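Both backbone and side-chain heavy atoms feed into the values below; hydrogens, waters and symmetry mates do not. Quantities reported herein were computed from a predicted structural model and do not represent experimental measurements.
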Amino acid sequence: MISLRRSGLLAVTLPSLLLLAACGSDQSADQTTTTTASAPADSASTKSVAMPTSASFGKTTDGTEVQLFTLTNANGVKASITNYGGTLTSLLVPDKDGKMGDVILGFDNVSGYQSPEFVKAGPYFGALIGRYGNRIKGGKFTLEGKAYTLAKNNGPNSLHGGLKGFDKVVWQAEPGSSADGQSLKLTYVSKDGEEGYPGTLTVAVVYTLTADNALKIDYTATTDKATVVNLTNHAYFNLNHGAGKDVLNHEVTLPADRYTVVDATLIPTGELKPVKGTPFDFTTPHAIGERIGQVPGGYDHNWVLNTATGEHAAATVYDPATGRTLEVTTDQPGIQFYTGNFLDGTLKGKGGTVYGKHAGFCLETQHFPDSPNQPKFPSTELKPGETYHSVSTYKFGVRK
Ligand code: BGC
């Protein structure tokens with residue numbers, strides 16, 4: 001079973017437990033000012049580290065006040081995350097001249113993420129995706145001899161957890177700070193039967209902004225009944241977001257010799273096809289727009305990463321206009337490279353930016369779509385007593 005490890009939970013939660021012990025009870029989710037906290041006793045550093053800031057992000061349609069937490073590092077890089085959907089709403093990183101710019105598609109407040117147009121279009125900007133990232137064929141699977149029926153929300157299939165996936169729930173938030181950088185721990189308990197999935201799933205996701213301009217996302221989950229889990233983040237990147245242009249000039253590298261072939265409803269057929277000689281070959285850098293016309297609909301596929309376990313490279317992106325680079329690493333076997341094909345200009349985001357076709361791209365680290373129905377794909381099963389643990393990192397730099 002790939003990347004479902006029993007030992008992961010302790011490694012993830014210990015620093016935050018120590019931090020909570022060190023900080024006492026004043027780390028509530030609704031703090032509104034910058035506070036400082038002592039670094040955990042076991043960290044290399046003994047000096048005080050600033051905590052993430054938090055501010056209101058507005059009220060959800062059912063009247064719950066949600067927060068926007070901003071993690072900052074010494075280089076002035078800032079990552080903002082709301083506990084509504086665990087959504088990454090903005091990420092300010094330098095360009096080749098040191099000018100900071102936001103590289104994430106999103107909205108200024110929670111209403112944007114709950115607007116009927118956004119929910120209907122379903123682009124999942126920046127959100128945490130679960131319980132199962134990407135599609136499950138016919139919204140059905142069988143586990144330990146029992147058939148389960150899921151909420152269908154994408155034609156005949158179930159996509160990104162169903163009608164109310166982890167992107168549409170309010171998470172418990174605990175800001176933190178350690179020698180690794182400022183962090184935000186989000187927790188959510190998904191009930192047995194939620195969206196049709198078996199087992200109570202207890203999920204923790206920790207976002208950490210590191211000193212080397214990386215946003216690390218650490219996922220853990222445990223269950224009380226056998227279930228399936230495939231967690232990811234659905235950020236849309238545009239390394240030149242402020243310019244209001246599409247991403248077709250961005251150059252992408254994917255260390256993957258094969259991809260999963262899909263049917264007309266984007267469900268894998270089971271075939272892992274070599275990319276060589278096709279527009280899916282990103283083993284060397286190619287501009288997104290160079291061959292996208294040869295792929296009906298645009299890129300929306302799962303690449304089979306050449307390395308499946310342990311921390312490995314998953315993608316590299318370079319924007320020649322700003323010099324910004326993005327390097328993605330993961331411990332997952334696949335990555336969904338999606339080029340915002342369904343964006344059509346009806347959504348207006350931060351600062352009035354119109355999000356047209358290819359306004360952003362997603363690099364969703366994951367197990368392969370529809371794995372519960374594909375016995376030959378790496379397993380996404382999680383049993384009681386096991387801990388799902390996965391880490392993906394999005395690191396920013398510049399090329400001059
Ligand atoms: C899927 C796309 C979908 C997008 C937004 C991606 O992960 O592969 O087909 O349109 O998410 O929902």
Side chains of Asp300 and Gln336 only: does a donor on one sit below 3.5 Å from an acceptor on the other? yes
Do Leu272 and Val295 land in one hydrophobic cluster if side-chain heavy atoms of ILVMFWY residues count as linked below 4.5 Å? no
For Thr89, is there any backbone N or O sitting under 3.5 Å from a side-chain donor or acceptor partner on Thr87? no
Check whether the ring centres of Phe337 and Phe282 lie less than 6.0 Å apart, and answer yes or no. yes
Identified side-chain hydrogen bond (donor to acceptor under 3.5 Å, both in side chains) counterpart of Gln332 within the set His312, His367, Gln366: His367
Backbone of Asn75 reached by a side-chain donor or acceptor of Asn73 within 3.5 Å: yes
Do Ile217 and Tyr219 have side chains that approach each other closer than 4.5 Å (heavy atoms only, starting at C-beta)? yes
Non-hydrogen atoms of Pro369 and Pro268 that approach each other most closely: O-CG, 3.4 Å
Taking the side chain from Lys137 and the backbone from Pro372, do they hold a donor-acceptor pair closer than 3.5 Å? no
Atom NZ of Lys59: over 12 foreign heavy atoms under 6.0 Å: no
So, for His241 and Tyr355, is the gap between ring centers shorter than 6.0 Å? yes
Any idea which heavy atoms bring Leu347 and Ala121 closest together, and the distance? CD1-CB, 4.5 Å
With Phe125 as partner, the option from Tyr113, Phe107, Phe237, Tyr84 fulfilling ring-ring contact (aromatic ring centres under 6.0 Å, His included) is Phe107
Would you please indicate if the ring centroids of Tyr132 and Tyr197 are separated by under 6.0 Å? no
Do Asn154 and Asn157 have side-chain N/O donor and acceptor atoms under 3.5 Å apart? no
Anything under 30° is parallel, anything over 60° is perpendicular, the rest tilted; go ahead and classify Trp171 against Tyr188. tilted
Heavy-atom donor-acceptor pair, His358 side chain to Thr339 backbone, under 3.5 Å: yes
d(Lys168 NZ, Thr60 OG1) to nearest 0.5 Å is 14.0 Å
Is a side-chain donor or acceptor of Arg324 paired with a backbone partner of Pro94 at a separation under 3.5 angstrom? yes
Check the orientation of Tyr259 and Trp303. Use parallel for under 30°, tilted for 30 to 60°, and perpendicular for over 60°. tilted
Assess, by modelled atom type and distance only, whether the side chains of Thr269 and Asp263 contain a donor and an acceptor separated by less than 3.5 Å. no
